[in-house]
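As C-alpha cells, the structure follows; a few thoughts come after it.
It should be emphasised that the depicted structure is a prediction, and the values quoted were computed from it without experimental measurement. A note on names: the letters A, B, ... follow the listed sequences, proteins ahead of strands, and every chain is numbered from 1.
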Amino acid sequence: SHKLVQLLASTAE
Amino acid sequence: ILLSTVSPEQFVLTLLEAEPPNVLVSRPSKPFTEASMMMSLTKLADKELVHMIGWAKKIPGFVDLSLYDQVRLLESCWMEVLMIGLMWRSIDHPGKLIFAPDLVLDRDEGKCVEGILEIFDMLLAMTSRFRELKLQHKEYLCVKAMILLNSSEYAVASDRLSRSHDCLVPPCAVRPGPLTCFLFFVHSNKGMEHLLSMKCKNVVPVYDLLLEMLNAHTLRGQ
C-alpha cells in the first residue's frame with residue numbers, strides 16, 4: 001500500500 | 001500530549017480538532033446512472049480517505065505505533081470510519097444520506113445501482129438507531145476513534161495506545177450501553193463486497209488510495 005504509507009510517513013497534513 | 005495528564009474533556013477537544021474537513025463532490029447535472037453514481041461515491045471516498053489519514057495521525061498515540069501497525073489499523077477500519085461519518089452527517093435528515101453537503105441522496109436513488117439499495121437501507125436503519133439513541137457529537141467522536149483503535153484483528157501493542165483507550169472511556173462512560181451498541185452497528189462487510197463487485201464488473205474504475213485500501217481488504221480476506 002504505497003500511497004497509504006506515503007501519506008502516513010509525510011509530516012505535512 | 002502527555003496522556004497521563006489529559007482530562008477526558010481535553011481528550012475530546014483533541015478529537016474535535018482532529019476532525020476532517022467536509023469534502024465536496026458536486027452532483028452531476030444529469031440524473032444518476034449506475035456508473036455516474038458509483039463515480040461520485042468513489043471519488044468522494046478517495047478524497048475522504050486522504051483526510052482520514054490526517055485524522056488518524058492526530059488521534060493521541062497513533063503516530064507512536066510502527067508504520068506497519070498504522071497501516072494495518074487503517075486498512076481494517078477505513079470503510080467503517082467512512083460509514084459512521086456518513087451516518088453522523090445524516091442523523092438529522094431521516095430518509096436521506098448526506099454523503100457530502102452537495103451530494104445528498106434519497107433512499108430511492110439507490111435503485112440506480114445494482115445491490116446498493118440494500119446498503120442504503122442498512123445505513124438509513126443504522127442512522128435512525130443513532131437518532132433514537134440521541135448520539136451526541138462527543139460520543140460520535142469517541143466511537144469513531146474507538147473504531148480506529150479497535151480495528152485490527154491482531155493485538156496492537158502500545159502503551160500509549162492503551163492509554164488513549166483509557167482516555168476514551170470516561171467521555172463514553174455516561175452511557176456505556178448505547179455506545180457499545182454503536183460499535184456493533186457499524187459493519188462494513190456489505191459495503192466492501194459491493195464496491196469490490198462494482199470494480200470487478202468494471203462499472204466504475206477504482207484508483208489511487210481507494211484501490212489500495214480495497215485491495216488490502218481483499219487480500220486479507222483471502
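- Between A/L8 and B/F62 the shortest side-chain heavy-atom distance falls below 4.5 Å.
- Judged by distance alone, with hydrogens and angles left aside, the side-chain atoms of B/K57 form a donor-acceptor pair with the main-chain N or O of A/S10 at under 3.5 Å.
- We find the NZ-CE distance between A/K3 and B/M213 to be 11.5 Å, quoted to the nearest 0.5 Å.
- Taking NE2 from A/H2 and CG from B/D208, the interatomic distance works out to 11.0 Å, rounded to the nearest 0.5 Å.
- Here A/L7 contributes atom CG and B/M52 contributes atom CE; the two are 12.0 Å apart, rounded to the nearest 0.5 Å.
- When side chains are defined from C-beta on, A/L4 does not count as touching B/L49, because their heavy atoms never get closer than 4.5 Å.
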